Amino acid sequence: MRTYLVTGGAGFIGSNYIHYMFKKYGDDIRIINVDALTYAGNLENLKDIENRPNYTFVKANICDKEAIAKIFAENDIDRVVHFAAESHVDRSIKNPEVFVQTNVLGTAVMLNCAKAAWELPDGSFKEGKKFLHVSTDEVYGSLPDDENAFFYETTPYDPHSPYSASKASSDMLVKAYMDTYKFPANITNCSNNYGPYQFPEKLIPLIINNALQGKKLPVYGDGKNVRDWLYVEDHAKAIDMVQEKGKLFETYNIGGHNEKQNIEIINIILETLQEMLPDSDPRKAHINQDLITYVEDRKGHDRRYAIAPDKIKRDLGWEPETYFKDGIKKTIAWFFEHEDWMKNVTSGDYQKYYEDMYSNR
Ligand code: NAD
Ligand code: TYD
């Protein structure tokens, strides 16, 4: 039985990945989820699997060497899937330091502990051990408004925000471990994800939540920045395929050719909400374009992201399975069914963050 150490498994993509893995492998794998439970970590995301005998949660910070080394000492870890990170660009602009700590130092701790646990006396590594570093397409910088320009695995790194700079630094550390020690790892660089359990500071859940509450829908700048949206379960599947079928030491870009301007996304959400809410729902009356409010642009706002997923498609046969029109419906339906989840995560700390972030916009 393979044992996985998943970091950041209580966050958005990590919790979707854990659900995906149990759905796929059932009792044939064991997962240890290590998460510090920051504002973005929520054990409610894993409620339905928390009592599985093959699942363990450990509350620890990935910067805490002793805590991470202890997990490796007490368990024969076969796979590391490293999600834990500070993940929100706007927060990184306000407070870059914690991004360096978690994303760079935390990754160094994870690499070091895995290396110490897996290295043999001759400097080679125990058979079959693998580390997968989950990263972002934002490390490649920004593309022009030219529909033929894409990010490839060979595109030079050119990060702009403190978030993407910290992720680029962590990718470089993983590359350094692969090059220097032949440390058995892969890196994946994925485009923007959306789906269940996404924290409502990110565009899609924020717009769904605000529209349902009749709050303003803040559009940064001219609303024409482009992101390449992927349904989170398709990302989870790609991560598993890269780790099991990918070539060690390689990077794989993950994306589904689903580029959309932010304003298009907002309009699709408004239309889909109108379509899905029953006529008897009083919220229907206020869900319209009048809620759209253009606000001050994000500092250093990257214009366009677009992944060329040719390599993962050609070498591993991965393709996204969820069309955006279906994925957005599934996501909205999930938010309808989980109003308590939204209430819980939008109380307390997040409410204060929201007031700070949007008070001048
Ligand atoms: P998220 O913010 O929803 O979750 C991050 C998780 O990491 C949370 O559970 C949090 O508690 C945990 N965490 C944060 N700091 C920690 C620390 N110091 N020690 C231990 N745990 C800590 O993020 P997400 O959107 O799920 O992203 C997961 C990963 O995927 C990140 O590495 C991110 O860079 C990458 N990624 C995200 C996207 C996206 O669209 N969200 C796209 C591509 C790549
Ligand atoms: P976001 O979800 O923060 O992801 P990222 O910055 O990592 O791509 O933002 C997606 C896009 O939406 C980005 O161009 C910024 C824009 N945006 C808004 O226009 N309004 C908002 O309130 C937010 C959160 C984002």
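Indexing begins at 1, ligand by ligand and atom by atom, following the structure's order. All residue numbers refer to positions in the sequence shown, counting from 1. All of these numbers come straight from a predicted model, not from anything done at the bench.
Of the polar atoms of Gln198, none of the N or O atoms is found under 3.5 Å from an N or O of ligand 1, judged by distance alone. For Thr102, a nitrogen or oxygen atom sits less than 3.5 Å from a nitrogen or oxygen atom of ligand 1, counting backbone and side chain alike. Polar contact with ligand 1: absent for Cys190 (N/O pair, distance under 3.5 Å).
For Asn54 and Tyr25, the side-chain atoms include no donor-acceptor pair closer than 3.5 Å. At a cut-off of 3.5 Å, with distance as the only test, a side-chain donor of Asp234 or Thr322 sits close to an acceptor on the other residue. Judged purely by distance below 3.5 Å, without hydrogens or angles, the side chains of Glu233 and Asn16 never pair a donor atom with an acceptor atom. If you check the side chains of Arg298 and Asn225, you find no donor sitting under 3.5 Å from an acceptor. In this structure, a donor-acceptor pair under 3.5 Å is present between the side chains of Asp171 and Asn189. In this model, no donor atom of one side chain and acceptor atom of the other lie less than 3.5 Å apart for Tyr305 and Asn192.
If you look at Gln101 next to ligand 1, there are no close heavy atoms at all, none under 4.0 Å.
Proximity of Ser191 to ligand 1 is established by a heavy-atom distance of less than 4.0 Å. Within the structure, ligand 1 lacks Gly106 among the residues with a heavy atom less than 4.0 angstrom away. Tyr163 counts as a contact of ligand 1, since one of its heavy atoms falls under 4.0 Å from the ligand. Using 4.0 Å as the threshold, Phe83 has a heavy atom nearer than that to some atom of ligand 1.
Of all the listed residues (Cys63, Ala85, Ala84), Ala85 holds the heavy atom that lies closest to atom 14 (C) of ligand 1. Considering Ser15, Ala67, Ser87, Gly11 only, the shortest heavy-atom separation from atom 23 (O) of ligand 1 involves Ser87. Distances from atom 9 (O) of ligand 1 to the heavy atoms of Leu230, Val81, Asp35, Leu37 show the closest one on Asp35. When Asn61, Ile254, Val34 are checked for heavy-atom proximity to atom 18 (N) of ligand 1, Asn61 turns out nearest. Of the listed options Thr38, Asn193, Ile13, Ile62, Thr38 places a heavy atom closest to atom 10 (C) of ligand 1.
A 4.5 Å side-chain heavy-atom check between Lys202 and Phe12 finds every atom pair outside the cut-off. Counting only heavy atoms from C-beta outward, the side chains of Ile292 and Leu270 approach each other to under 4.5 Å.
Relative to the six-membered ring of Tyr194, Arg227 misses at least one condition, a distance below 6.0 Å or an angle of at most 45° to the axis. Taking the ring centre of Tyr20 as origin, the terminal cationic atom of Lys237 falls outside the region bounded by 6.0 Å and 45° from the ring axis.
Ring geometry, Phe150 versus Tyr152: the interplanar angle exceeds 60°, so the pair is classed perpendicular (tilted spans 30 to 60°). Below 30°, between 30° and 60°, or above 60°: for Tyr197 and His19 the angle between ring planes is below 30°, a parallel geometry.
Proximity to Ala60 (heavy-atom distance under 4.0 Å) selects the following atoms of ligand 1: 19 (N), 20 (C).
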Residues Lys129, Asp76; criterion salt bridge (charged side-chain N to carboxylate O under 4.0 Å, His left out); working and verdict: CA-CA 10 Å; Lys129 305 294 187 187; Asp76 184 13; 2.8 Å; yes

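Atom 44 (C) of ligand 1 has its closest protein heavy atom at Ser135 O, 3.1 Å. For atom 20 (C) of ligand 1, the closest non-hydrogen atom on the protein side is Ala36 N, 3.2 Å.
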One pair per line, please: each N/O atom of ligand 2 matched with every protein N/O atom under 3.5 Å away, atom names first, then the distance to 0.1 Å.
{"from": "ligand 2", "atom 1": "2 (O)", "to": "Leu203", "atom 2": "N", "distance (Å)": "2.9"}
{"from": "ligand 2", "atom 1": "3 (O)", "to": "Arg298", "atom 2": "NH2", "distance (Å)": "3.0"}
{"from": "ligand 2", "atom 1": "4 (O)", "to": "Asn192", "atom 2": "ND2", "distance (Å)": "3.3"}
{"from": "ligand 2", "atom 1": "6 (O)", "to": "Arg298", "atom 2": "NH1", "distance (Å)": "2.5"}
{"from": "ligand 2", "atom 1": "6 (O)", "to": "Arg298", "atom 2": "NH2", "distance (Å)": "3.3"}
{"from": "ligand 2", "atom 1": "7 (O)", "to": "Glu138", "atom 2": "OE2", "distance (Å)": "2.6"}
{"from": "ligand 2", "atom 1": "8 (O)", "to": "Asn192", "atom 2": "ND2", "distance (Å)": "2.9"}
{"from": "ligand 2", "atom 1": "8 (O)", "to": "Arg227", "atom 2": "NE", "distance (Å)": "2.7"}
{"from": "ligand 2", "atom 1": "12 (O)", "to": "Asn262", "atom 2": "ND2", "distance (Å)": "3.3"}
{"from": "ligand 2", "atom 1": "14 (O)", "to": "Arg227", "atom 2": "NH2", "distance (Å)": "3.3"}
{"from": "ligand 2", "atom 1": "14 (O)", "to": "Asn262", "atom 2": "ND2", "distance (Å)": "2.9"}
{"from": "ligand 2", "atom 1": "14 (O)", "to": "His301", "atom 2": "NE2", "distance (Å)": "2.7"}
{"from": "ligand 2", "atom 1": "19 (O)", "to": "Tyr220", "atom 2": "N", "distance (Å)": "2.9"}
{"from": "ligand 2", "atom 1": "20 (N)", "to": "Pro218", "atom 2": "O", "distance (Å)": "2.8"}
{"from": "ligand 2", "atom 1": "22 (O)", "to": "Tyr358", "atom 2": "OH", "distance (Å)": "2.7"}

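Residues satisfying the ring-ring contact (aromatic ring centres under 6.0 Å, His included) criterion with Tyr177, sequence neighbours excluded, are Tyr181, Phe183.
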